[in-house]
Amino acid sequence: MSMNFRSIGDGFDPAAGSFGFWRAQAAVWALLAVIGFFIRFAVFGNAMAAFWLTVALEPLAFALTSAAATLHGRLAPRYAAAIPTLVCAVLLCLAAATLLSGIGYFMQQLFPPGTVREFPGSQYRLGFLYYMGILSIWTLTYFGVRAELAARNARLSRMKAETRAVQLELEHLQRQIAPHFLFNSLNTIVAEIAERPAVAEEMTRRLAEYLRYSLDRHGRGTCRLHEEIDAAETYLRIQALRFGRQLQYQGRVDPAALDLHIPHMTLQGLVENAIKHGMPAGHADFVIAIDVRYQDGELAVEVSNPGRLHACGGGPRQGNGLSNLCRRLALYYPGRHEFSLNERDGQTVARVSLRGAPSMPGPQGWPADPPADSPGPR
């Protein structure tokens, strides 16, 4: 599911024609009209008087508060100072309460004497206090909702900036992969042209086949595991032409993992590293083994080759290819991946463990899950 970073604050801006605001405004004042009718009926003891006062005053209150909210929505971007806004809100509440209570008091005088319960000396004051309370609550609710939505919008804006930065970094890492692989492959071909031109020609054909695969998936951050295996085998066939029978390949893949999605060029990066750092050791038989297991929602990929680790700074040395791979895994599986490079029984073993589906850029932002018909590790 892709995430669309739309401004939430715009969903409560009457000046921007927000349906959210107008729905809430209409619902609130409809509820206040019902409540006001029963309060007036209880106070004045006359259902007809309560009805006409409600019909006259609540729509007017709706119009006044709507006008104030629209005015605030238009002026807020230019005049954002809190204290002047608060002072204006209080003055408008006082003015609206004075107007509404004055109209209500005038309408009460129109009813025949004795039909409406009277409160000598306090009739106008009661109306003023009632509307001042209602308008104050409305104002506090309005500003509270606006402030909360503005805070959420600011958080979403920060998230959008951060995820865009991550997306750009991932795109940069992906652009580094193809030139890196192409450079190594062309070096291999150049080394064979003089002594074995037929082999160099076949390498070129297989390289073209691999590059066709890569271009067909241009812009796709992930691919199915079986596609990764096919690409890695194509790369191994290119290298087998160079090293002959010395280079061998063994694969053991869990069928349940074949349709899972992983970052593009993950397996090929592990295989390339094994050949680059293992073949110079001069083994008579150099066997690259690929072992893929999928269990309990965790995908484990191991690539092993004969040889010892090359230490650098007290730990295993990682080339640019593995550094690139580790960074991409961190972006696709934040907190849900592990990478290790160990020596085990005379073998160098590179292991990648992935949990859950990869996060990847969607059409509206970052991140988005793989399509429903394209499962990832779950």
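Hydrophobic cluster membership differs between V292 and V287, with clusters built from Ile, Leu, Val, Met, Phe, Trp and Tyr side chains linked at under 4.5 angstrom. Residue L31 is grouped with residue L64 when hydrophobic side chains (ILVMFWY) are merged at heavy-atom distances under 4.5 angstrom, including chains of intermediate members. Hydrophobic clustering of Ile, Leu, Val, Met, Phe, Trp and Tyr side chains at less than 4.5 Å, counting indirect connections, keeps M132 apart from I137. With hydrophobic clusters built from ILVMFWY side chains whose heavy atoms lie under 4.5 angstrom apart, V349 does not share a cluster with L247. The cluster map of Ile, Leu, Val, Met, Phe, Trp and Tyr, joined by side-chain heavy atoms under 4.5 Å apart, puts F106 and Y124 in different clusters.
Salt bridge R224/E227: absent, no basic N to carboxylate O contact under 4.0 Å. Ion pairing between a basic and an acidic side chain is recognised when a charged N comes within 4.0 Å of a carboxylate O; E148 and R152 show such pairing.
Separating the CZ atom in F44 from the CD atom in Q108 is a distance of 3.5 Å, to the nearest 0.5 Å. Put simply, OG on S304 and CD1 on I288 are 9.0 Å apart, with the number rounded to the nearest 0.5 Å. How far CD of E228 is from OG1 of T222: 9.5 Å, rounded to the nearest 0.5 Å. Distance CZ/F128 to CG/L135: 9.5 Å, rounded to 0.5 Å. In this structure, H337 NE2 and L331 CG are separated by 9.0 Å, a value rounded to the nearest 0.5 Å. Taking CG from N305 and CD from Q248, the interatomic distance works out to 13.5 Å, rounded to the nearest 0.5 Å.
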Solution key, residues 89-104 side-chain donor-acceptor pairs under 3.5 Å, sequence neighbours excluded:
residue : atom : partner : partner atom : Å
T98     : OG1  : L94     : O            : 2.7
S101    : OG   : A97     : O            : 2.7
S101    : OG   : T98     : O            : 3.1

Check residues 50-58 and write down every donor-acceptor pair under 3.5 Å in which the side-chain atom is one partner and the other belongs to a residue at least two apart or another chain.
residue : atom : partner : partner atom : Å
T54     : OG1  : R40     : NH1          : 2.9
T54     : OG1  : A50     : O            : 2.7
E58     : OE1  : R40     : NH1          : 3.3
E58     : OE1  : R40     : NH2          : 3.2

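Other residues, nucleotides and ligands place more than 12 heavy atoms under 6.0 Å from the OH atom of Y249. For E195, the CD atom sits in a loose shell: 12 or fewer heavy atoms of surrounding residues, nucleotides or ligands are nearer than 6.0 Å.
A donor-acceptor pair is defined here as one N or O able to donate and one able to accept, closer than 3.5 Å; no such pair exists between the side chain of T266 and the backbone of I262. Not a single donor-acceptor pair under 3.5 Å links the side chain of H72 to the backbone N or O of A68. Checking side-chain atoms of R293 against main-chain N and O of R252 turns up no donor-acceptor pair under 3.5 Å. In terms of modelled atom types and a separation under 3.5 Å, the side chain of E302 and the main chain of R351 share no donor-acceptor contact.
For the residue pair W29 and I134, the shortest heavy atom distance occurs at CH2-CG2, 3.7 Å. The two atoms that bring Y142 and A69 nearest to each other are OH-O, 3.5 Å, heavy atoms only. Between Y294 and A257, the shortest heavy-atom distance links the atoms CB-CB, 3.8 Å. Scanning both residues, P263 and Y332, for their nearest heavy atoms gives CG-CD1, 3.6 Å.
Inter-residue side-chain proximity for H261 and C223 is flagged as unmet; no heavy-atom pair is nearer than 4.5 Å. Side-chain contact check for V271 versus Y235: some heavy-atom pair is nearer than 4.5 Å. Two residues are said to be in side-chain contact when any heavy atoms from C-beta on lie closer than 4.5 Å; L325 and L270 meet this criterion. Proximity of L236 to I275: side-chain heavy atoms (C-beta onward) are separated by under 4.5 Å at one or more points. The shortest side-chain heavy-atom distance between R328 and Y333 does not fall under the 4.5 Å cut-off. Using a 4.5 Å cut-off on side-chain heavy atoms (C-beta onward), L322 and F339 make contact. Side-chain contact between L258 and I229: present, with at least one pair of heavy atoms (C-beta onward) separated by less than 4.5 Å. For the pair V352/L354, a side-chain contact is recorded, criterion being any heavy-atom separation below 4.5 Å from C-beta on.
No side-chain donor-acceptor contact under 3.5 Å links S66 and W22.
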(message) Run E343 and Q347 through side-chain hydrogen bond (donor to acceptor under 3.5 Å, both in side chains) and show every step you take.
(response) CA-CA 6 Å; E343 186 176 326; Q347 298 276 319; over 6 Å; no

